[in-house]
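Notes for the one structure printed next.
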2 protein chains.
Amino acid sequence: MGIGGTASTTAVLRVMNERAVFGEILKLGKVSRPELAQATGLSKPTISMALADLERARLVRPIGLRTGNAGRAALLYEIRPQAGWVLAVDVGREFVRLALADLVGDIAARRDEQRKGGETPDELVAWLGELTRELVDEAGVDVADITLTVYGTPGIQDKETSSLQLAPNLPGWERPGAVELLAAVAADAPYVVENDVDLAAVGEGAYGLGQGVDHFALVWIGTGIGMGVVIDGKLYRGAQGAAGEISYLPVGEGDPLVNRGRGMLESVASADGVVALATRLGMRGLTSAKDVFDAARAGDSIACEVVATEADHIAHALAGVIAVLDPQLVVLGGGIGVQAGDLLIGPVTDCLRDLVALRVPMIKASTLGTEAVLLGAMAVGLTTARDLVFERAVAQIPPG
Amino acid sequence: MGIGGTASTTAVLRVMNERAVFGEILKLGKVSRPELAQATGLSKPTISMALADLERARLVRPIGLRTGNAGRAALLYEIRPQAGWVLAVDVGREFVRLALADLVGDIAARRDEQRKGGETPDELVAWLGELTRELVDEAGVDVADITLTVYGTPGIQDKETSSLQLAPNLPGWERPGAVELLAAVAADAPYVVENDVDLAAVGEGAYGLGQGVDHFALVWIGTGIGMGVVIDGKLYRGAQGAAGEISYLPVGEGDPLVNRGRGMLESVASADGVVALATRLGMRGLTSAKDVFDAARAGDSIACEVVATEADHIAHALAGVIAVLDPQLVVLGGGIGVQAGDLLIGPVTDCLRDLVALRVPMIKASTLGTEAVLLGAMAVGLTTARDLVFERAVAQIPPG
DNA sequence: GAACTTAGTTAGACACCTTGCCAAATGTCT
DNA sequence: AGACATTTGGCAAGGTGTCTAACTAAGTTC
């Protein structure tokens, strides 16, 4: 609990209770007054009052009668989906993905577009603005209706200079003020920029393997390497927003041919690192890391060796992560986590047994695939938007 | 904020407000009604009501009039110190330290005793029981008055088996049920067992360099190596309570003579590791790591080389920690942190500039010395005991 | 269609906090 | 020394919010 807290008057009780009712409706979907009374512990008259307020604030709406049971039919309420709109944007290396959802979370429109690559920030913003208008039209709403936009991007946002650091795939965004250009995408609508891997971790926690897990880490291995950390069910960003930036970690031995004596995790364990190692060991005609994994599944001995080496690298990196964080679960995501999860989970877990002091946490491969970042952006957006909408509607205007 | 929360009736308002008043008195010390009204935002009559309740619950007491200002003299209130007692116990490798404090945090009695070493759990518990009775007598209270005892021990508590793992200095405590023996120290009083380094981190946050810092890590380097992690101002324990167990981390190169190719952090960077390396490089007549550091301060070239190597090891370990956690501050504690902080901070920070992606966090040496664990135990104990006492007194018995 | 069951509303009571006013007590100015 | 300003503490009245209990409304079951 904690001694301290804030003192309050009866007026905040009403807000607290209405927030609780709103939260229960979000959780339960279509729901009747008696069910809400049961779920919140409040009395029937209080529930009726709260619903009247929420309905007046246009946050909820009656949806019809539920008949069939004995007794009088119950009037069901639900969240008014149009009470808010969330735009989630995944600005990836090759693709840009957008999804527009209502406050309930139903996706009204979405789009996956291939990037040309090398767009300037202005070009990218203009393009995103165009796509946003298309999505908004498709959903039959207006750009001004967007409650919140959440962008998932590589790199780390420097809030002081409004720029993105460590994001080589987004040239131009390292310039001061670049992030603020995003304000133009959806005029005046609030927006949030988060690291893509962090959002993938949130997505995993909301819709994937992290559901109900208090402390877990999502390790993203693809073109680059990163990690998202969830602690106490909440994304942990670190002091500078750089928590989980493990790509520069020194790995024990590394391939002596690539780096002298010590390898940087990203250079040895990323997709390119896998292809490089396989090529060096004699494999030919590789177009991507996936070829190596397919060959390993078919029994190719060189490919198997590459996989074993990759598992060893990952395990050594995870050993450090586990020693520091002691998570309950580690999810492998990104291209390699998804494509080669089946091959890697076993050897990684085995290797970790020798490297970890106590029990090895569960190691699993993500099931969200390429959707992880977008889902995470949506999860963050929905949570924040619901708060925003509630605050605006109920806390600000408390009519009798 | 977060949509959801708990619904409540007016009765919880009173408890909330009384908790807020109680918290303000703890924060402000001797304080008048108008000051409390100002601090909490509550009205005068409400403050008076709350104080009457708190006084009836024997949690606070009037302490006299404050005169001197213009106007009527104000009646000052303060926490009743005897409303609760906290026993903090640091079970170290060489010493056992105990402190008994009242609810305000004033230490009424304390004791530092040298361990014989190798005591069985039963012997240790009997001894601690004896010392506890002495402390309690000295303070003029009874064992039954102890609200909470907090033990700081090495190793990790396995809650399922009530035993301590990874604590070689406490033989016998790895047996199931061993931790429960501590119940006998202060009959029936609640007790908590925490990792000693974790408590040192809490101490650093409450009384040391971590004050006001949201995210920081305390790296403890002494006989053993460990780390305490504070996130959002709260101790982070991890899923199994093993967060920060970095002693087994592989360090990049290590001394090839000690370990083949790769060193375990604890074996190369601990006090023994320092002495071993110095001896191997030709220093003679060393009794402890302190000798090496003194020699380095005097300009001994071998000692300086040992210090440089130590700094390198620490920096490489910290690089991993920083990559994962991105703390605002890293505090070096334990024997080496305290004794050699002045020598190590500079080289460690320099070395980290090459290893860390973004800005290097502040690296500082702890100022709490050997008191860190005990202070941390006291901080945890006071926080928890205040909660316990309040809950028992106010929430349970709400008289008009 | 009568009995039963569940849903929703209304009225009265209780709890909590606040504002406003008044009395008490102290320092300061004349 | 006495009047005045200032601050503290207490009391009464009013407002807001929730609860219980009783009552009305609207379904199902037999």
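The sequence lines fix the lettering, A, B, ..., with proteins before strands; numbering per chain opens at 1. Just so you know, these numbers use all the heavy atoms, side chains as well, and skip hydrogens, waters and symmetry mates.
For the atom pair CZ (A:R33) and CG (A:L42), the distance works out to 14.0 Å, reported to the nearest 0.5 Å.
B:L182 and B:V193 get closest at one heavy-atom pair: CD1-CG2, 3.7 Å. B:I79 and B:F22 get closest at one heavy-atom pair: CD1-CE1, 3.4 Å.
Note on A:S32: nothing from the nucleic acid sits closer than 4.0 angstrom, heavy atoms only.
With sequence neighbours left out, A:Y151 forms a ring-ring contact (aromatic ring centres under 6.0 Å, His included) with no residue at all. Shown here are the side-chain hydrogen bond (donor to acceptor under 3.5 Å, both in side chains) partners of A:E35, two or more places apart in sequence or in another chain: A:S32, A:R66.
For B:Q38, the CD atom sits in a loose shell: 12 or fewer heavy atoms of surrounding residues, nucleotides or ligands are nearer than 6.0 Å. Within 6.0 Å of the CD atom in B:E55, the count of heavy atoms belonging to other residues, nucleotides or ligands exceeds 12. Residue-environment remark: CD (A:E160) stays at or below the threshold of 12 foreign heavy atoms within 6.0 Å.
Contact of the A:T147 side chain with the A:R392 side chain is registered, since non-hydrogen atoms from C-beta on lie closer than 4.5 Å.
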Counting primed atoms, P, OP1 and OP2 as sugar-phosphate and everything else as base, the B/S/- map of nucleotides 17-30 of chain D against protein heavy atoms under 4.0 Å is SSSB----BBBS--

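Here the range on DNA chain C touched by chain B, meaning any atom under 4.0 Å from one of its heavy atoms, is C:dC16 to C:dG27.
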What donor-acceptor contacts under 3.5 angstrom involve side-chain atoms of residues 67-75 of chain A, with partners at least two apart or in another chain?
none

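Rounded to 10 degrees, the angle separating the terminal axes of the helix from C:dG1-D:dC30 to C:dT30-D:dA1 is 10°, with each axis obtained from five end pairs.
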